[in-house]
Protein chains: 2
Amino acid sequence: MGVITKVRQSTAAPVEGLPVDRILMDDCIAAMRALPAASVDMIFADPPYNLQLGGDLYRPEGGRVDAVDNDWDKFDTFAAYDRFTRAWLAEARRVLKPDGSLWVIGSYHNIFRVGTALQDGGFWILNDIVWRKANPMPNFKGTRFTNAHETLIWAANGENARYTFNYRAMKTLNDELQMRSDWVLPICGGQERLKRGGTKAHPTQKPEALLYRILLACTKPGDIVLDPFFGTGTTGAVARRLGRHFIGIEREPAYVEVAEQRIADALPLDESALATMQAPRAAPRVPFGTLVETGMITPGTVLTDIKRRWRATVRADGSLLSGDATGSIHKVGAVVQGAPSCNGWTFWHHEQDGTLKPVDSLRQTYLLATQP
Amino acid sequence: MGVITKVRQSTAAPVEGLPVDRILMDDCIAAMRALPAASVDMIFADPPYNLQLGGDLYRPEGGRVDAVDNDWDKFDTFAAYDRFTRAWLAEARRVLKPDGSLWVIGSYHNIFRVGTALQDGGFWILNDIVWRKANPMPNFKGTRFTNAHETLIWAANGENARYTFNYRAMKTLNDELQMRSDWVLPICGGQERLKRGGTKAHPTQKPEALLYRILLACTKPGDIVLDPFFGTGTTGAVARRLGRHFIGIEREPAYVEVAEQRIADALPLDESALATMQAPRAAPRVPFGTLVETGMITPGTVLTDIKRRWRATVRADGSLLSGDATGSIHKVGAVVQGAPSCNGWTFWHHEQDGTLKPVDSLRQTYLLATQP
DNA sequence: GAATGTGGTGAATCTCCCG
DNA sequence: TCGGGAGATTCACCACATT
């Protein structure tokens, strides 16, 4: 599997005097101003999200959520955030080569403002990419949908730029299917999460797998990647492992110190390490409710067990009603039988062509219709 | 299991003279202007994604502009789109009830402009939702990532609005896990795709499953949903099925004709099928003292937490005593743990048949015995 | 040693009603 | 409008301890 091709090297000679493979401890706008125009091949930016959090948030079991409360994430107004965004984007565009591209990551707090600003500034959006987190923090209070993703924008330096996109590499990475605009990756934790004195070194460290995919997709070996919000240096570490150069800009000395050490420790990846950075194939999970939503089974339908001893009615939200019992297909199946648990998929049946069929057959039909 | 409660209906009486369950064949801004303020419970909007808005505001998209003039031209075009967006959003906000909410769907071409405009206009973003298409069109040229999703924004009418969110219904729909911000749903095709003379009746018809989830999540039965870009009426068809009212606005007579027929064919669900899992909050409140009064628990009974780390004694008035702490089951639970708050119903247990059971089980028993 | 259980944690705009 | 009190609320993964 996987076609091995010769890797194209970066063609143009690097600009003289660039602070390559170094971290500049400075404000990002000032530092970019000091760089020559059209000198880097890609920019990855993880700017402040302007989260606008309220007071403390507590978990159901009592613990307090360790939120992002750093000063660098505080802006007085949207207008102030926009000024900041437009300023760094303008410098970024100047520093980027004509055929380079820009990546920015954000959440709904800031990404719409960033997207608008970069369109206004002349960048040309190529894709928006959704990082679907495999293990996001739940919504503890049950007030909204679990915020389970972040958004990345990939943009070229103008509409007609000839940007780099390693189509084959992405297709190979994705089991010979085209890489889609939604990426399922775990959040950064475990051994990968950098600590200082037992606590996390940076509140928003990004997983290396994310940068791995971005650099592999949009740069060539030897290319120079600029990260104006370097933090603890995920971009630098991945760039080194993939044989790319980096320029990091970071204001906080504490972050710079951690990043220096980390990049020094980063070793070029071998084959097996690369494999672990791939996302595991997401097991297709189909909730019963999806069958209701897609019209495969209608609210009001009566389900029975195979011997028609018990009956239950499907409701609009995919719950069942049987006597006084309500809940999921599994829960109601368990209750009517007086059993501790029950697999509702095989227990409940619906009538189809005069015969009883388990609702699991509907799930199989759905999977066949929607899987590539 | 599960408390059966009557489905909460929309509370406020609908505004007099509203064109409810009708399609207004008109420009959306003009039609909204004719509606009274604060009159609809939800708005779902599927505005044009590209810049071909028609009218004299917008230049035709046809010819490519030379790169030198590109910036200015793009600015001009984006500015025109922004004016249009801000205009319809302003009317939408006026027409929306204070506790109503807004949904907008878009792609990377327009969604950043829409998001910025609605934040500037005073809407408060609650979630951005990713509709992850189960079967998207591939990227034939292999020049970018397969564009496999669209983005929706869900926003309240201001930061402190008390919007509707049927948390329990969503959790049930998703097999007893919190509904996340990434939704996997098939695109609209097959039987559902409306045709006129063999070709698709509308280029961007949305799947009913998408609207089904949105209406189930954010409206109550009897609520009024406004769709200012009605198209072939997906919103209206789903609203009718789910026992919600709609107001559609659509300029194109051909779409209106298709929509009318489609909605007439949509079968409303009966009331029992419409029921969804209700939050405990919707159940009648039972003070702990009631259980003491009715003899379900005796003064002097000792309660403990599940691990028997803390003990408390029930007093005649339904308060607890633990060491020096006295007060409600919640307050004493919080005090002994040193936590900011505590749900005493699930924290405190009593011994029954040799095992510890949460006092909440007594409340459930009481509710079952006293509910009609 | 393997299986199981316990505790900690992650970019979070995180309650509602009543007086 | 503000303050106080009732009471509702979590998923996946990892490290580490226990069986």
Side-chain angles (χ1 to χ4, degrees), chain A residues 46-70 72-75 78 105-111 131 133-151 184 186-193 195 198-200 202-207 229 231 280, chain B residues 99 119 123-128 154-156 159-160 162-163 165 167-168 171 174-181 278-283 285-289 307 318 327-334 339-348 359-360 363:
Chain A
D46 182 8
Y49 286 9
N50 187 24
L51 285 183
Q52 303 177 265
L53 300 180
D56 282 346
L57 177 64
Y58 290 90
R59 303 161 186 272
E61 83 274 10
R64 184 179 150 277
V65 173
D66 183 16
V68 178
D69 56 357
N70 307 65
W72 49 251
D73 196 47
K74 292 190 168 43
F75 295 83
F78 279 132
I105 184 168
S107 66
Y108 68 84
H109 308 84
N110 71 322
I111 198 66
W131 168 25
K133 300 182 185 181
N135 48 346
M137 194 187 303
N139 182 293
F140 294 117
K141 304 293 187 189
T143 55
R144 304 179 180 190
F145 299 97
T146 305
N147 195 5
H149 74 275
E150 294 189 21
T151 301
V184 180
I187 58 177
C188 181
Q191 293 298 320
E192 187 187 337
R193 189 83 193 202
K195 311 267 188 187
T199 59
K200 51 188 176 189
H202 193 284
T204 70
Q205 185 184 340
K206 295 295 177 286
F229 306 95
Chain B
D99 291 341
Q119 284 182 315
F123 285 104
W124 186 250
I125 296 181
L126 298 166
N127 278 117
D128 59 336
W154 176 38
E159 182 172 354
N160 298 312
R162 292 173 313 168
Y163 55 90
F165 180 56
Y167 175 76
R168 278 297 321 170
K171 188 166 174 177
N174 194 37
D175 265 5
E176 293 303 313
L177 290 177
Q178 286 191 337
M179 188 69 83
R180 301 168 35 121
S181 57
Q278 293 293 298
R281 206 180 284 287
R285 200 172 88 75
V286 178
F288 184 69
K307 295 195 176 169
S328 71
I329 55 173
H330 316 291
K331 187 175 167 190
V332 175
S341 68
C342 167
N343 182 347
W345 288 111
T346 52
F347 179 74
W348 291 112
V359 290
D360 192 50
R363 178 168 61 161

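Just so you know, these numbers use all the heavy atoms, side chains as well, and skip hydrogens, waters and symmetry mates. Each chain gets a letter, A, B and so on, in the order the sequences are listed, and its residues count up from 1.
Looking at heavy-atom distances under 4.0 Å, B:Pro287 makes no contact with the nucleic acid at all. Among the heavy atoms of the strands, none lies under 4.0 Å from A:Asn50. Among the heavy atoms of the strands lying under 4.0 Å from B:Tyr167 are primed sugar atoms or P, OP1, OP2 only; no base atom is included. Contact annotation for A:Thr146: no contact, since no heavy-atom pair falls under 4.0 Å across all strands. Here B:Asp360 lies out of heavy-atom contact (under 4.0 Å) with every strand. At the heavy-atom level, B:Leu126 lies nowhere under 4.0 Å from the strands shown. At a threshold of 4.0 angstrom between heavy atoms, the contacts of A:Ser107 with the nucleic acid are absent. Note on B:Lys331: nothing from the nucleic acid sits closer than 4.0 angstrom, heavy atoms only. No engagement by B:Gly333 is indicated, since no non-hydrogen atom pair under 4.0 Å with the nucleic acid exists. As judged by a 4.0 angstrom heavy-atom cut-off over every strand, A:Asn147 is placed among residues touching the sugar-phosphate backbone only. The residue A:Ala134 sits close only to the backbone: its heavy atoms come under 4.0 Å of sugar-phosphate atoms, none of a base. At a threshold of 4.0 angstrom between heavy atoms, the contacts of A:Pro47 include nucleobase atoms, whether or not backbone atoms are also involved. Using a 4.0 Å heavy-atom distance criterion, B:Glu159 is classed as making no nucleic acid contact. Contacts of B:Arg363 with the nucleic acid, taken as non-hydrogen atoms under 4.0 Å apart, involve only primed sugar atoms and P, OP1 or OP2.
Using atom C1' as the reference point in both C:dA11 and D:dA15, the two lie 23 Å apart (nearest Å). The P atoms of C:dC14 and D:dG7 are separated by 23 Å, rounded to the nearest whole Å. Nucleotides D:dG5 and C:dA12 place their P atoms 31 Å apart, quoted to the nearest Å. Atom name C1', nucleotides C:dT13 and D:dC13: the rounded distance is 25 Å, in whole Å. Comparing D:dA17 with C:dG1, their C1' atoms are spaced 15 Å from each other, to the whole Å.
Regarding the sugar-base torsion, C:dT13 falls in the syn class, its angle being within 90° of 0.
Map A:Arg144 and A:Cys188 each onto its nearest nucleotide of DNA chain C; the residue landing nearer the 5' end is A:Cys188. A residue-by-residue look at A:Gly189 and A:Asn139 shows that A:Asn139 has its nearest nucleotide of DNA chain D further toward the 5' end. If A:Gln191 and B:Gly344 are placed on DNA chain D by their nearest nucleotide, the residue sitting closer to the 5' end is B:Gly344. Summary of the strand contacts: A:Gly198 and A:Gly55 both lie near DNA chain C, and taking for each the nucleotide with the nearest heavy atom, the more 5' one is attributed to A:Gly198.
Proximity of a side-chain donor or acceptor of A:Gln205 to a complementary backbone N or O of A:Lys200 within less than 3.5 Å is not detected. A donor-acceptor pair is defined here as one N or O able to donate and one able to accept, closer than 3.5 Å; no such pair exists between the side chain of B:Lys331 and the backbone of B:Gly344.
Aromatic ring pairs are classed by plane angle as parallel below 30°, tilted from 30° to 60° and perpendicular above 60°; the pair A:Trp72 and A:His202 is parallel.
Using a 4.0 Å cutoff to heavy atoms of chain B, the contacted part of DNA chain C runs 5' to 3' from C:dG7 to C:dC17. If you walk DNA chain D from 5' to 3' and mark each nucleotide with an atom closer than 4.0 Å to a heavy atom of chain B, the marks span D:dA6 to D:dA12.
When Watson-Crick and G-U wobble pairs are counted only if both distances are under 3.5 Å, C:dA12 pairs with no nucleotide at all. Nucleotide D:dT9 is matched to nothing when pairs are restricted to Watson-Crick or G-U wobble geometry with both distances under 3.5 angstrom. D:dC16 is paired with C:dG5 under the criterion used here, namely a Watson-Crick or G-U wobble arrangement in which both key atom distances are under 3.5 Å.
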Passes ring-ring contact (aromatic ring centres under 6.0 Å, His included), A:Phe140 versus A:Tyr58? Steps please.
-> CA-CA 8 Å; A:Phe140 294 117; A:Tyr58 290 90; over 10 Å; no

Applying ring-ring contact (aromatic ring centres under 6.0 Å, His included), run through B:Tyr163 and B:Trp154 and close with a yes or a no.
-> CA-CA 11 Å; B:Tyr163 55 90; B:Trp154 176 38; 5.3 Å; yes

When you look at B:His330 and B:Ser328, which way does the side-chain hydrogen bond (donor to acceptor under 3.5 Å, both in side chains) test go after all the steps?
-> CA-CA 5 Å; B:His330 316 291; B:Ser328 71; 5.2 Å; no

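The nearest pair of heavy atoms linking A:Trp131 to A:Ile187 is CZ2-CA, 3.9 Å.
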